[in-house]
Amino acid sequence: MKKHLLMLALASTCFMATQASALTKDEYKAAKEKIEADYKAAKSQCDALKDNAKDVCEKEAKGKENVAKAELEQQYKPSDAHARKVAEEKVKANYEVAKEKCDDQTGDAKAACVKQAKADESQGKADIKAMKKSM
């Protein structure tokens, strides 16, 4: 029994050490600069588009940037709060893009599209809330 407890304590110590050194400060800065450069490149590709297609493209680019930054924070300083932030940014990005895509439609189709986007967002937020309770 003592042997198992010792092994468990050793394994958890190694796990914590691995998490703490997931990224160095320089790796974090480089990754953050890459995310920002990727966003600028993605946004510049949107300039070739017009009307709502441009708006959708920009929302997708911004959403990807925000999700990538949240994931980077989770890698750099893993925590329950950062894990929730990743999930929140994904829900937010999906909602913003879905809502923007609804602008291509009119009348009842647009209303149904917006309603579905809001329902998906509500489900995502409920999943995050459930995640908070389980942590």
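Hydrogens, waters and symmetry mates play no part in the numbers below; they use all other heavy atoms, side chains included. Heads up: numbering here begins at 1 and tracks the sequence.
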| said: For a salt bridge (charged side-chain N to carboxylate O under 4.0 Å, His left out) check, start with the C-alpha distance between K34 and D38, then their side-chain angles and the critical distance, and finish with the verdict. | reply: CA-CA 6 Å; K34 183 181 180 324; D38 288 348; 2.9 Å; yes
Shortest non-hydrogen contact from [X] to [Y]?
X: I35; Y: A68; answer: CD1-O, 3.5 Å
X: C113; Y: A98; answer: SG-O, 4.2 Å
X: A70; Y: E89; answer: CB-CG, 4.0 Å

Rounded to the nearest 0.5 Å, what separates atom [atom1] in [X] from atom [atom2] in [Y]?
X: N94; Y: E60; atom1: CG; atom2: CD; value: 10.0 Å
X: K125; Y: K118; atom1: NZ; atom2: NZ; value: 10.5 Å
X: E27; Y: L72; atom1: CD; atom2: CG; value: 10.5 Å
X: Y39; Y: K62; atom1: OH; atom2: NZ; value: 4.5 Å
X: K129; Y: E88; atom1: NZ; atom2: CD; value: 12.5 Å
X: K69; Y: E65; atom1: NZ; atom2: CD; value: 4.0 Å

Contacts satisfying ring-ring contact (aromatic ring centres under 6.0 Å, His included) that involve residues 85-133 (not counting sequence neighbours) are none
Item to complete: Flag the pair K90 / E71 as yes when at least one side-chain heavy-atom distance between them is below 4.5 Å, and no otherwise.
Response: yes
With a cut-off of 3.5 Å and sequence neighbours excluded, list every side-chain donor-acceptor pair involving residues 44-57.
from	atom 1	to	atom 2	distance (Å)
S44	OG	K40	O	3.4
S44	OG	A41	O	2.8
N52	ND2	E100	O	2.9
N52	ND2	D104	OD1	2.8
N52	ND2	D104	OD2	3.4

